[in-house]
Amino acid sequence: QVQLVESGGGSVQAGGSLRLSCVASSYAGYNSFSGDCLGWFRQVPGKEREAVAVIGYDRSTTYASSAKGRFTISRDNAKNTLYLQMNSLQPDDSAMYYCAAGRQQCTLWTAMYTDWGPGTQVTVSS
């Protein structure tokens, strides 16, 4: 099973920025980081996990409406690393952020992703 580990979370004031990273390992067989659809998702207690942004093997991207214009997802296949640059952060962005990998259709639907990291906490104060 693919291992994913997020980092870069923390506490920031509204209007600030953070860059999240997710390193993938333990690929086996025909699967590879470069071939996967990768995504960032977030969840707050008591609510469902929601998509933030996803990026395909061809580097095509899809963003949730809440992330458009503020967040940028990118990938470095040579480093098996996924990134999320978050700018203009607001208190509503506070959540546990997860990265995920999938081998099916690259969409914002969480069910398309089979491998998940443990998450990194982002807290934005007003």
Side-chain angles (χ1 to χ4, degrees):
Q1 185 176 359
V2 174
Q3 303 296 317
L4 302 170
V5 179
E6 304 93 340
S7 62
S11 297
V12 64
Q13 289 192 329
S17 299
L18 284 173
R19 189 193 194 201
L20 306 183
S21 299
C22 173
V23 179
S25 61
S26 301
Y27 277 88
Y30 294 102
N31 296 326
S32 66
F33 180 86
S34 61
D36 274 357
C37 175
L38 305 169
W40 286 100
F41 300 80
R42 66 188 184 186
Q43 188 172 23
V44 297
K47 292 189 176 181
E48 290 188 358
R49 190 170 298 186
E50 64 177 13
V52 175
V54 301
I55 184 168
Y57 71 95
D58 58 356
R59 303 183 188 275
S60 60
T61 58
T62 305
Y63 292 90
S65 57
S66 60
K68 286 181 181 178
R70 300 188 301 130
F71 295 0
T72 302
I73 188 171
S74 61
R75 63 193 297 165
D76 185 337
N77 290 338
K79 296 181 179 180
N80 276 20
T81 303
L82 174 71
Y83 301 100
L84 184 68
Q85 177 66 44
M86 303 188 294
N87 299 327
S88 302
L89 284 162
Q90 298 301 315
D92 285 349
D93 295 316
S94 296
M96 185 71 79
Y97 282 71
Y98 301 90
C99 68
R103 271 129 239 130
Q104 301 183 60
Q105 188 176 5
C106 202
T107 73
L108 296 175
W109 190 22
T110 57
M112 293 290 102
Y113 300 85
T114 54
D115 302 302
W116 294 83
T120 186
Q121 179 68 40
V122 171
T123 303
V124 184
S125 58
S126 58

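These values consider heavy atoms only, across backbone and side chains, with no hydrogens, waters or symmetry-generated copies.
Across all their heavy atoms, Arg42 and Ala95 have their closest contact at CB-CB, 3.8 Å. Leu108 approaches Ala51 most closely through the heavy-atom pair O-CB, 3.2 Å. When all heavy atoms of Val44 and Ser94 are compared, the pair lying nearest together is CG1-O, 3.1 Å. Shown here for Val122 and Leu20, the closest heavy-atom pair between the two residues is CG2-CD2, 4.1 Å. Residue Tyr27 comes nearest to Asp36 through the heavy atom pair OH-OD2, 2.6 Å, listed as atom of the first residue, atom of the second, then distance. Shortest non-hydrogen contact noted between Gly119 and Met96 is C-SD, 3.7 Å.
In this structure, Asp93 and Met86 have side chains that are not in contact, with every pair of non-hydrogen atoms separated by 4.5 Å or more. Within the 4.5 Å cutoff, side-chain heavy atoms of Ser17 are placed close to those of Gln85. Under the 4.5 Å side-chain criterion, counting only non-hydrogen atoms from C-beta, Ser21 is not in contact with Lys79. Within the 4.5 Å cutoff, no side-chain heavy atoms of Glu6 are placed close to those of Leu84. Residues Tyr98 and Cys22 are not in side-chain contact: their nearest non-hydrogen atoms beyond the backbone lie 4.5 Å or more apart. For the pair Ser26 and Val2, the minimum side-chain heavy-atom distance is 4.5 Å or more. A 4.5 Å side-chain heavy-atom check between Thr107 and Thr62 finds every atom pair outside the cut-off. Within the 4.5 Å cutoff, side-chain heavy atoms of Ser11 are placed close to those of Thr123.
Taking the ring centroids of Phe71 and Trp40, they lie at or beyond the 6.0 Å cut-off.
The backbone N or O of Gly69 lies less than 3.5 Å from no partner atom in the side chain of Tyr63, so there is not a single donor-acceptor pair.
Of the candidates Trp109, Tyr97, Tyr113, Phe41 forms a ring pair (Phe, Tyr, Trp, His ring centres under 6.0 Å) with just one, namely Tyr113.
Relative to the ring axis of Phe33, Arg75 places its NZ or CZ within 45° and under 6.0 Å from the centre.
Atom CZ of Arg19 and atom OG1 of Thr72 lie 10.5 Å apart (nearest 0.5 Å). In this structure, OG1 in Thr61 is found 9.5 Å from CG in Asp58, a value given to the nearest 0.5 Å. Going from atom SG of Cys106 over to atom CG of Leu38 covers 7.5 Å, rounded to the nearest 0.5 Å.
Transitive grouping of hydrophobic side chains (ILVMFWY, heavy atoms separated by less than 4.5 Å) keeps Val52 and Val54 in distinct clusters. By the rule that hydrophobic residues join a cluster once side-chain heavy atoms approach within less than 4.5 Å of another member, Val23 and Leu82 end up as members of separate clusters.
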